[in-house]
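Presented below is the structure to which this report refers.
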Amino acid sequence: MHSKFSKRLLEARKKLNISQKVLADCVNISPASLSAYEQKGKYPTLDVAVRLADALNVSLDWLSGRVDEENPV
């Protein structure tokens, strides 16, 4: 079962049209780890989640499912 985090991570990456490898390299994690976050419902550490949100230009609250707006004011 995919978590809201997994779905939003995949959605944000696809919206930017970047590969898992590119995003993984950008945030200094392995492509296998990113795949596990997107496909297997695994959760990253807080530090990695923040780097992912920053790289995807979305709020951490949105990525984690706490809010429905990608970039709340």
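- Taking every heavy atom of both residues into account, Leu9 and Tyr37 meet most closely at CD2-CB, 3.6 Å.
- Between the NZ atom in Lys21 and the SG atom in Cys26 there is a gap of 12.0 Å [rounded to 0.5 Å].
- The two atoms that bring Ser6 and Glu38 nearest to each other are CB-O, 3.5 Å, heavy atoms only.
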Steps toward side chain to side chain contact (heavy atoms under 4.5 Å, CB included) verdict (Gln39, Leu10): CA-CA 9 Å; Gln39 304 299 323; Leu10 178 62; 4.2 Å; yes
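- Annotation: the span from Arg51 atom CZ to Leu46 atom CG amounts to 10.5 Å, rounded to 0.5 Å.
- For Gln20 against Pro31, the heavy-atom pair with the smallest separation is OE1-O, 4.4 Å.
- Between atom CZ of residue Arg8 and atom CG of residue Leu52 there is a gap of 15.0 Å, rounded to the nearest 0.5 Å.
- A single hydrophobic cluster is seen to contain both Val48 and Leu63, as judged by linkage of ILVMFWY side chains at heavy-atom distances under 4.5 Å, directly or through other members.
- Closest non-hydrogen pair, Ala24 versus Leu34, comes out as N-CD2, 3.9 Å.
- Across all their heavy atoms, Phe5 and Ser64 have their closest contact at CD1-CA, 4.2 Å.
- Scanning all heavy atoms of the two residues, the minimum distance from Ala55 to Val27 falls at CB-CG1, 3.8 Å.
- Residues Arg66 and Leu60 have side chains not in contact (no heavy-atom distance under 4.5 Å, counting atoms from C-beta outward).
- For the side-chain contact (heavy atoms from CB on, under 4.5 Å) with Leu23, the lone residue among Leu16, Ile29, Leu56 that qualifies is Leu56.
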